[in-house]
Protein chains: 2
Amino acid sequence: MTDDFNLVMDDFLPLRDVVFNTLRKAILTGQLKPGERLMEVHLANKLGVSRTPIREAIRKLELEGLVVMIPRKGAEVAKISEKSLKDVLEVRRALDELIANLACSRITREQLSELKEAAEAFERATKTEDTTTIAKADIAFHDIIMEATGNLRLKQLVNNLAEQMYRYRFVYLKDETKHSMLVKEHSRIYNAILNNDKEAASEAARIHIDNQEKAIIAHIRMEMKEEEMGGNI
Amino acid sequence: MTDDFNLVMDDFLPLRDVVFNTLRKAILTGQLKPGERLMEVHLANKLGVSRTPIREAIRKLELEGLVVMIPRKGAEVAKISEKSLKDVLEVRRALDELIANLACSRITREQLSELKEAAEAFERATKTEDTTTIAKADIAFHDIIMEATGNLRLKQLVNNLAEQMYRYRFVYLKDETKHSMLVKEHSRIYNAILNNDKEAASEAARIHIDNQEKAIIAHIRMEMKEEEMGGNI
DNA sequence: AGATTGCATATTGTATACAAGAAAGTGCGG
DNA sequence: CCGCACTTTCTTGTATACAATATGCAATCT
């Protein structure tokens, strides 16, 4: 049982936020599985706090879409269907296009050189073959573009959407045959932004998401097949 | 004092949700003003419940961006700056374009005729000059398009964004000189969707938001001017 | 006079107690 | 052996009690 996630006491943060972060992380990393019930006293005992902070944390997770409430039954970790994932990706595609587009006109020289460095760092990371390193480099690259838009709300929304599919992020990063493609896609995005070519930037961003979608959907279908097989023994 | 909003008991809904809806409405309609503090005992007494449901409702409002938490100080109604409004509208523009685009290929015949009817109803409403009626007709029109996309997440996000600027909605609906323009814009959107012309639909949606943005920003600037004047007496 | 410290009070943060409803088990009758 | 009703227990929903901290005021010191 790797099931025992513990609180990282942050002392000055309210307990509800500590619990919120802890539970969110547990859901996103798969320690808490889709469909699993979140029982208040159980969590309270486990984390060594009372039910109150637990409940308040759940209210926030509920609005983030990570848990669903069943009236008079309690909270459970939200299941992600292929449909809901497609819905999320459909929105993300539009927002990522917007981000690339906005970044073209708003990026600073400094950010532009950071972006170049980040793209190179990502390429180096793919050589190391350590998925965590690659993932970090990927996030760093996209964070710079997002920052360049200067739109806080946009940033917040995209982060939340990305979160919904966090557990599938490694799927397309683990596949080494895709690495060179990812590097090319990044460089295409970088060049489009460099040239202030909004059309090209949007399209590059769209293609980037499209490819992720394909990989993730394929993975999900496989997972489902496996589950069926398991049930049919 | 129009300050006394009351609970609409929904009996089967948990109190926290009733409180949540009540407070949200109060914020959106301006009964609770930006910067105003939300004190738990005060609200609890006023609404005749204990602090617990109040707190849980505030947690949700917090995540919706309608209130901001100040640690150990409490919650207050979020202020909306011109910048944050522009941020919101920038995102909404992209999402409304997406909605119009998706609706083109996914709308059913039935929804199409509903949409035609809604557009006509909106035109009739502008003749009555009752702002509430007009607002309802406007919402109905856009709801049909949104529904046609079949994307639940998209719907949820756009609703939330629209909410942020709810109190300014009447600004562009009250101005009668704009009515004929709005009617034209709606009919443009309807025709584009009817013809399954995605490009045209997106553009029509974009223009629709652009015009709203102009009206709202102008209104906000005016409001701010007024405030300054008030302070400088 | 101004600043500073200490106290009183108000307000949030957390824990616990109590109420009510749902689910699961148990026993009885068919 | 199966099904239905009753009871028990578990879990959420709500209220309240207690703790910790910030704020404002006043008195005192410089």
Side-chain angles (χ1 to χ4, degrees), chain A residues 3 5-24 26-27 32-78, chain B residues 3 5-24 26-27 32-78:
Chain A
D3 172 75
F5 40 89
N6 280 308
L7 285 189
V8 256
M9 277 309 184
D10 221 333
D11 269 359
F12 55 90
L13 223 60
L15 272 183
R16 60 165 178 270
D17 289 326
V18 181
V19 172
F20 175 66
N21 291 328
T22 305
L23 291 182
R24 175 160 69 172
I27 293 174
L32 287 171
K33 295 194 176 42
E36 193 168 338
R37 285 186 71 184
L38 296 177
M39 279 173 309
E40 297 171 1
V41 280
H42 180 218
L43 291 172
N45 290 335
K46 190 169 213 152
L47 301 180
V49 299
S50 80
R51 278 176 61 209
T52 309
I54 303 278
R55 285 178 66 84
E56 298 192 2
I58 288 178
R59 291 292 91 72
K60 292 174 77 172
L61 292 168
E62 180 189 353
L63 215 72
E64 271 211 331
L66 257 41
V67 314
V68 293
M69 288 299 302
I70 299 166
R72 291 238 156 248
K73 177 99 190 293
E76 62 177 52
V77 180
Chain B
D3 172 75
F5 40 89
N6 280 308
L7 285 189
V8 249
M9 276 310 185
D10 221 332
D11 268 2
F12 55 90
L13 222 61
L15 272 183
R16 59 164 179 273
D17 289 326
V18 181
V19 173
F20 175 66
N21 291 330
T22 306
L23 290 181
R24 177 159 69 173
I27 293 174
L32 288 170
K33 295 192 176 45
E36 194 168 337
R37 284 186 71 184
L38 297 177
M39 279 174 308
E40 296 169 3
V41 281
H42 180 220
L43 291 172
N45 290 335
K46 189 169 212 152
L47 301 179
V49 300
S50 79
R51 278 176 60 209
T52 308
I54 302 279
R55 285 178 66 83
E56 297 192 2
I58 288 178
R59 292 291 91 72
K60 293 173 77 172
L61 292 169
E62 182 189 350
L63 216 72
E64 271 210 330
L66 257 39
V67 313
V68 293
M69 287 300 301
I70 300 167
R72 290 241 156 245
K73 176 100 188 293
E76 61 177 53
V77 180

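Below, chains carry the letters A, B, ... as their sequence lines are ordered, and counting in each starts from 1.
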Shortest non-hydrogen separation from R37(A) to K73(A) and the atoms involved
NH2-O, 2.9 Å

Nearest whole angstrom, please: distance from the [atom2] of [N] to the [atom1] of [X].
X      : N       : atom1 : atom2 : value
E76(A) : dA23(C) : CD    : P     : 12 Å
L47(A) : dG13(C) : CG    : P     : 19 Å
I58(B) : dT11(C) : CD1   : P     : 13 Å
L15(A) : dA15(C) : CG    : P     : 6 Å
L13(B) : dT12(D) : CG    : P     : 18 Å
R72(A) : dA19(C) : CZ    : P     : 14 Å
I70(A) : dA22(C) : CD1   : C1'   : 13 Å
K73(B) : dA10(C) : NZ    : C1'   : 12 Å

Working to the nearest 0.5 angstrom, can you tell me the gap between L47(A) CG and L23(A) CG?
6.5 Å

Closest-nucleotide mapping onto DNA chain D: is E40(A) or P71(B) further toward the 5' terminus? I mean the 5' end.
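Closest to the 5' end, via its nearest nucleotide, is E40(A).
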
How do E56(B) and R51(B) order along DNA chain D: which one's closest nucleotide is nearer the 5' end?
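The residue whose closest nucleotide sits nearer the 5' end is E56(B).
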
Minimum-distance nucleotide to M69(A) side chain [options: dT12(C), dT14(C), dG13(D)]
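The answer is dG13(D).
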
Looking only at side-chain atoms of R16(B), point me to the closest of dT11(D), dG13(D), dT14(C).
dG13(D)

Indicate yes or no: does E56(B) engage R59(B) in a salt bridge with an N to O separation below 4.0 Å.
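The answer is no: the pair does not qualify as a salt bridge.
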
Does the side chain of E62(A) reach to within under 4.5 Å of the side chain of L63(B), using non-hydrogen atoms?
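Result no, sub-4.5 Å side-chain heavy-atom pair not found.
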
Is any side-chain heavy atom of V18(A) closer than 4.5 Å to a side-chain heavy atom of V49(A)?
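No. Closest side-chain heavy atoms not under 4.5 Å.
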
Students often get this wrong, so: under 4.0 angstrom with heavy atoms, is L38(B) touching a base, only sugar-phosphate, or nothing?
sugar-phosphate

Report which part of the nucleic acid R55(A) touches: base, sugar-phosphate, or nothing (heavy-atom distance under 4.0 Å, all strands).
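Since a base atom lies under 4.0 Å of R55(A), the category is base.
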
Residue whose nearest DNA chain C nucleotide is more 5′ - P53(A) or M39(B):
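On the 5' side of the pair lies M39(B).
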
Could you tell me whether the phosphate oxygens of dA15(D), OP1 or OP2, come under 4.0 Å of any side-chain nitrogen or oxygen in S50(B)?
yes

